Structure formats: C-alpha cells, structure tokens
Amino acid sequence: MGQLYATASLRHLAQRRRLGWLAQQLPQPHADGAGLLRRLAASGAGLPLETLGVANAQALLLQHWATDSAPSATRAALPFAFVEAINLELSYSCNLACSHCLQEPLRPKGASTWLDVSTVRPLLEQAQALQLLRRGLNLTGGEVIATGSPVLELLALAQQLNIPTRMNTNAWWGLQQQIRVGDHCFADDAALVGALQQRGLGRLALSLDDRYQQYPQLLESVIRVGTLCQLAGQAIEFVATDAEPTLLKRVQLQLPAALITPMEQVDIGAAQPVQQRPMRRGNVARLAALSHCATAGFYRPRYLHVTPDGGVRSCLYAPGGGWLGNLHHQSLIEILNAAAANPVVQLFDSGELEAFVAEHLTPWRHLYRALDHGCTAAALIARLAEQLSRQQQSAAKPLYPEELEQLHRRLAREMGLEAVMQA
C-alpha cells in the first residue's frame, strides 16, 4: 500500500494540541491513535497507509487531514496559526447609503443575496475544531436585521456550538413595530432585543460616525436600541469612526455601560477624499507598509472574513475579495491546506510588493485616484493580485493590454478608487 502524508490542517491541529480530538473522530478506534497522528504530523516522509488502519486512512484522506501525495521538500508555514475570530458578511444589501461605507460600490441593485446557513454550518464546525474561533464570531452586513436575513438562525447555531458572538446593526428598527427578520416577525424593538439575547448574542455593535448628518432621525433609534439593551443587561459596543466629540459625549452620558471602540475611516468605497488627486508613481507599496497590520495580516492573519457569496479573505478593508478560496467549492480545511501556496499570501510574505506594484499597477495608475490610507493600498494590492491570478489561470495565457485595462477599471470601480477624469 501507499504512504499517508500530513496536510497543513493536520499540522495545525498538532500545533493546537488537538490530535486527541481527531483520534476520537476516526471510524476505527486505535489504542495509540493520537500518538500515530502526532508521528504523521511531524514526519515529512509520511506513514504507511496501513499504520492507522485502512478505514482511518480513508477517513483522513476524505476529510483532507491527510493526503497520499508527497509534500515538497520544504514544509509550508501555517498561515492560519494566529487566526482567532471569523467575520461573516451576510449580505452587502442595506437600507441606508452612508457616505463613508466601504461596501457602497458592491451594493446589489435588485434583491438581496445572503450567505446561507448550509454554507456556514460546516465552516463553524471546522473552525471550532481548528480553534480559529477563540475570540468568537462576528455577524455583519450590509444590514443584518432585514427580511430574508439568516442572522437569527446563525446566532442560534453559534449558541448551539458554544461560540461567542457579536453582531453589527445600524439599528433602524429602534422605535419600530412589526419588525421582520428572516421568517420571524417581532411586535416591537424590545421583543427583538429579547430574541437576540435568547439566542446568546454576546455583544451588539452600533455605530458612531457621520451617518447621523445624513439620517438625523436614526440617532434616536440607535439611542433607543442601546437603552433597551442596557435595561435588559445586553452588552453593547459603539464603533466610533471619526465621531464628533459632541456625539460621543451624548452617547457616553445616556449609555454609560457601552463600550466605545475608536476606528479610523479608510478611503475605500464611498469614503472618498473631498480633494481627489491622481495616483502617484512609486508610493503604493510604501503606503501599504503603513497599514494597521503592516501587511502581516495577509500572510499571518488574526481574522478571516467571509463574503455573501462564500469568498474567504484576510482583510476587513477588501470587501468582495475572496483570494483564499470559496466555501461553495471548498471546505475551510481545504482552504487552510492551500493557504501557504496562495498567490496573495505568497506575494505579501515575500516582501516584494514594490516589484509587483511597479509591474502590475504603475502602468495603469492613471485609472486610479491617489490613496490616503495604508489599508487602502494593501487591500488594492491584494485584490489586484487575486484578480490577476484568477484571470490568468482562466485564460491559461498572459493577459492582453486591453484585458488588463478592463481588469483595472473594474477593480477601481468595485473599490471606489476610480480616477476623476478632468474636463
């Protein structure tokens, strides 16, 4: 018989001291199952298939904990070693159109599309096994309190799996009655807060930013929801993005129990600078190095983000991106196994961003406006690397100049980075 080799996911389990758990899942009990799995994870030469028993070997192969293909001479790093939470973007649909929104160019024009429960369930089960949810699960949009939203089912699922949860909402439903969420209808806002608590919501996240200049009436709804949560003992958090001091002070006085989390505005999507300038030569890679994660989040992330269509990425500021893989076509374990060889991960890990930008972005810089934030630059490089790799693999040949121009125009439009054409 052949050899059995460890995949990155098995080595990840070994690092997290979880091989005993996996040994218990095998169909054929073995007196030293955990020990044999430890040997397999540590050995580059692999183990004979019969060592663990044929049924166990087949189970490991089927679930992608092991492979029958010999690995390369150098053992790949484990990019997910530091992941501690997952952020689910359930939809990009929203009932507001905030002037700072990262997702604005991605808003669907017609019916809302939602990340479905059948996709999320195996994701959470595998992420829990891999210990990628130590800080928990975040549920966001778009806006998650809406007809068709699976948010209540997902909160119940996370509660069933004992996963801590956080949920973002714009709180439009404060002071409202007959509120529909998915297939559920609640008499009023207090009943909805009760339903969130019943499903084990850890923290409800609200926003403090310039949206209340656009939607002055919304602030009363937000204060109402915060007050209901405070009375019910439901933890709340305000994400303050360049919030005005008077607004911040009002919330702190009325809702003293609320956690305030400051956040910077990043010039992606609708959050464009008032004075737009053309992109300059040579500064994008250097700007990316000034991002919050100093680009390490692309090859050693702390968080994974899932798009409504199942795409998986490692940067909050790249909505729509799915460079790590897609849950509609791969399991999370398969995505982990392939992560070290991923072109975006390899690019950022190589430290060769300047050469990549010079070859693949600079010749098309006239299509983009200047970038102001390091996270914008890093997200643009990642999205560009993702799309170049995907399109080149699909075409099985180098792209023609006109194809590259179309790619850059589409990317600039999706990220809200289009250059303003001079009259």
Side-chain angles (χ1 to χ4, degrees), residues 7-10 12-13 16 18 21-22 24-27 59-65 80 83-93 112-169 180-184 195-205 301-314 319 321-322 324-339:
T7 60
S9 57
L10 186 72
H12 179 100
L13 278 189
R16 295 289 170 90
R18 293 276 290 162
W21 167 84
L22 181 58
Q24 293 175 359
Q25 313 305 309
L26 295 176
L60 292 171
L61 290 167
L62 184 65
Q63 297 168 27
H64 306 287
W65 298 112
F80 289 4
V83 173
E84 55 188 5
I86 292 178
N87 177 49
L88 300 182
E89 296 168 340
L90 303 188
S91 176
Y92 289 145
S93 294
S112 301
T113 55
W114 295 93
L115 186 63
D116 57 278
V117 177
S118 63
T119 299
V120 175
R121 180 181 291 275
L123 163 69
L124 297 187
E125 291 172 345
Q126 293 177 21
Q128 193 173 43
L130 293 161
Q131 292 190 338
L132 303 182
L133 289 163
R134 289 168 295 172
R135 290 193 63 184
L137 177 72
N138 190 62
L139 303 169
T140 190
E143 172 54 36
V144 299
I145 301 299
T147 303
S149 171
V151 68
L152 296 178
E153 285 71 25
L154 292 174
L155 284 171
L157 174 60
Q159 183 182 39
Q160 176 188 336
L161 296 173
N162 202 29
I163 298 169
T165 50
R166 177 180 180 273
M167 187 190 90
N168 297 83
T169 178
R180 295 200 66 85
V181 186
D183 296 329
H184 307 268
L196 296 174
Q197 280 192 299
Q198 186 180 24
R199 290 162 175 80
L201 177 63
R203 182 176 296 161
L204 186 66
R302 293 176 57 202
Y303 307 101
L304 296 179
H305 305 268
V306 181
T307 65
D309 67 356
V312 181
R313 67 181 194 278
S314 56
L324 291 172
N326 192 292
L327 295 168
H328 290 164
H329 311 299
Q330 304 156 281
S331 68
L332 179 64
I333 291 172
E334 290 176 281
I335 290 173
L336 186 158
N337 288 340

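Nothing here was measured: the structure is a model prediction, and the numbers come from that model.
Taking CG of Leu332 as the start and CG of Leu124 as the end, the distance is 9.5 Å to the nearest 0.5 Å. With rounding to the nearest 0.5 angstrom, the OG1 atom of Thr7 is 10.0 Å from the CD atom of Glu334. Distance CZ/Arg180 to CD1/Ile145: 13.0 Å, rounded to 0.5 Å. Rounding to the nearest 0.5 Å gives a distance of 12.5 Å between CG of Leu157 and CG of Leu152. Separation of atoms OG1 (Thr165) and CD1 (Ile163) is listed at 9.0 Å; rounding is to 0.5 Å. Rounded to the nearest 0.5 Å, atoms CD (Gln24) and CZ (Arg18) are 9.0 Å apart.
Distance alone, capped at 3.5 Å, is enough to place a donor-acceptor pair between the Ser149 side chain and the Val144 backbone. Judged by distance alone, the side chain of Gln330 and the main-chain N or O of Asn326 form a donor-acceptor pair under 3.5 Å. In this structure a side-chain-to-backbone donor-acceptor pair under 3.5 Å is present from Gln128 to Leu161. When atom types are taken as modelled, the side chain of Arg166 and the backbone of Ala205 share no donor-acceptor pair closer than 3.5 angstrom.
Contact detail for Pro164 and Asn162: the closest heavy-atom pair is CD-O, 3.9 Å. Shortest non-hydrogen contact noted between Pro308 and Ser91 is CG-CA, 3.6 Å. Scanning all heavy atoms of the two residues, the minimum distance from Val151 to Leu139 falls at CG2-CD1, 4.0 Å. Nearest heavy atoms, Leu115 versus Thr307: CD1-O, 3.6 Å. Minimum heavy-atom separation, Met167 to Asn138: N-OD1, 4.0 Å.
Inter-residue side-chain proximity for Arg134 and Arg16 is flagged as met; some heavy-atom pair is nearer than 4.5 Å. Using a 4.5 Å heavy-atom cutoff, the side chains of His12 and Leu132 are in contact. Using a 4.5 Å heavy-atom cutoff, the side chains of Arg313 and Glu89 are in contact. Contact check for Ile335 versus Leu304: no side-chain heavy atoms found under the 4.5 Å cut-off. Residues Leu10 and Leu22 are in side-chain contact: their nearest non-hydrogen atoms beyond the backbone lie under 4.5 Å apart. At a threshold of 4.5 Å between non-hydrogen side-chain atoms, the residues His184 and Glu153 count as touching. Under the 4.5 Å side-chain criterion, counting only non-hydrogen atoms from C-beta, Arg135 is in contact with Arg302. Contact annotation: the side chain of Leu130 approaches that of Ile333 to within less than 4.5 Å [non-hydrogen atoms, C-beta and beyond].
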*Please test Thr113 against Asp309 for side-chain contact (heavy atoms from CB on, under 4.5 Å), starting from the C-alpha separation and ending with a verdict.*
CA-CA 8 Å; Thr113 55; Asp309 67 356; over 6 Å; no
*In sequence, state the C-alpha distance, the side-chain angles, and the governing distance for Leu26 and Trp65, and then conclude on side-chain contact (heavy atoms from CB on, under 4.5 Å).*
CA-CA 11 Å; Leu26 295 176; Trp65 298 112; over 6 Å; no
